[in-house]
Amino acid sequence: MASIFFENYPKWSPEVAEFEPLTGKSVFVGAKARQLRQDQGQSTESVFEVIEYDPVVKLAFQGVNAPYKDSFILTNDSDKQATVLTFMFALLELELFMRPFEKIDSLRH
């Protein structure tokens with residue numbers, strides 16, 4: 001999964017308008033990349049760093065200059081003879097205008 005991640009990430013995430021690996025094309029813990037995203041008319045540039053890498057199982061990265069974390073987890077579904085990809089995104093800090101939603105999220109747990 002991760003050996004071709006940097007090559008395919010912009011294809012999987014259509015919001016990525018620009019993408020640049022900063023530490024080469026290999027994926028490893030500590031590898032960094034820069035991305036420019038276009039989400040609902042907003043442009044956001046960030047640098048992220050790979051924080052977890054277990055080939056064919058898990059890849060996680062975290063924003064260096066923005067508080068977010070993405071995780072891609074692969075599991076085998078032998079009943080369906082398929083691989084299931086689970087994607088998780090987390091904002092590690094909420095901007096001031098988003099703070100009222102903290103209480104809503106805490107009610108779910």
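As the structure is a prediction and not an experimental result, all values here were calculated from the model.
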[Y]/[X] salt bridge by N-O under 4.0 Å criterion:
{"X": "Arg34", "Y": "Glu45", "result": "yes"}
{"X": "Glu52", "Y": "Lys69", "result": "yes"}
{"X": "Arg37", "Y": "Glu18", "result": "no"}

Which pair of heavy atoms, one from [X] and one from [Y], lies closest together, and at what distance?
{"X": "Val64", "Y": "Lys32", "answer": "CG2-CE, 4.4 Å"}
{"X": "Ala33", "Y": "Pro21", "answer": "CB-CA, 4.0 Å"}
{"X": "Val47", "Y": "Tyr68", "answer": "O-OH, 4.2 Å"}
{"X": "Gly30", "Y": "Glu49", "answer": "CA-OE2, 3.4 Å"}
{"X": "Phe5", "Y": "Val27", "answer": "CB-CG2, 4.2 Å"}

Would Thr86 and Phe72 count as a side-chain contact (heavy atoms from CB on, under 4.5 Å) if you check the C-alpha gap in whole Å, the side-chain angles of each, and the deciding distance to 0.1 Å? CA-CA 6 Å; Thr86 303; Phe72 300 85; over 6 Å; no
Test side-chain contact (heavy atoms from CB on, under 4.5 Å) applied to Tyr9 and Leu59, step by step: CA-CA 12 Å; Tyr9 176 63; Leu59 174 66; over 6 Å; no
Between Phe28 and Tyr53, is the ring centre distance below 6.0 Å? no
Given Leu36 and Ser43, is the side-chain contact (heavy atoms from CB on, under 4.5 Å) satisfied, shown in steps? CA-CA 7 Å; Leu36 176 66; Ser43 292; 4.2 Å; yes
Lys80 backbone acceptor or donor facing Asp77 side chain under 3.5 Å: yes
Taking the side chain from Thr83 and the backbone from Asn76, do they hold a donor-acceptor pair closer than 3.5 Å? no
How many angstroms lie between atom OG of Ser13 and atom CZ of Phe87, to the nearest 0.5 angstrom? 7.0 Å
Inter-residue atom distance Phe19.CZ - Gln35.CD, 0.5 Å rounding: 7.0 Å
Note, Asp70 side chain near Met88 side chain (heavy atom, < 4.5 Å): no
ILVMFWY cluster, Val84 and Trp12 together (side-chain gap under 4.5 Å): no
Side-chain heavy atoms under 4.5 angstrom apart, residues restricted to Ile, Leu, Val, Met, Phe, Trp, Tyr: same cluster for Ile51 and Leu22? no
Would you sort out whether Phe48 and Gln62 count as a side-chain contact (heavy atoms from CB on, under 4.5 Å), showing the intermediate values? CA-CA 5 Å; Phe48 64 80; Gln62 185 167 318; over 6 Å; no
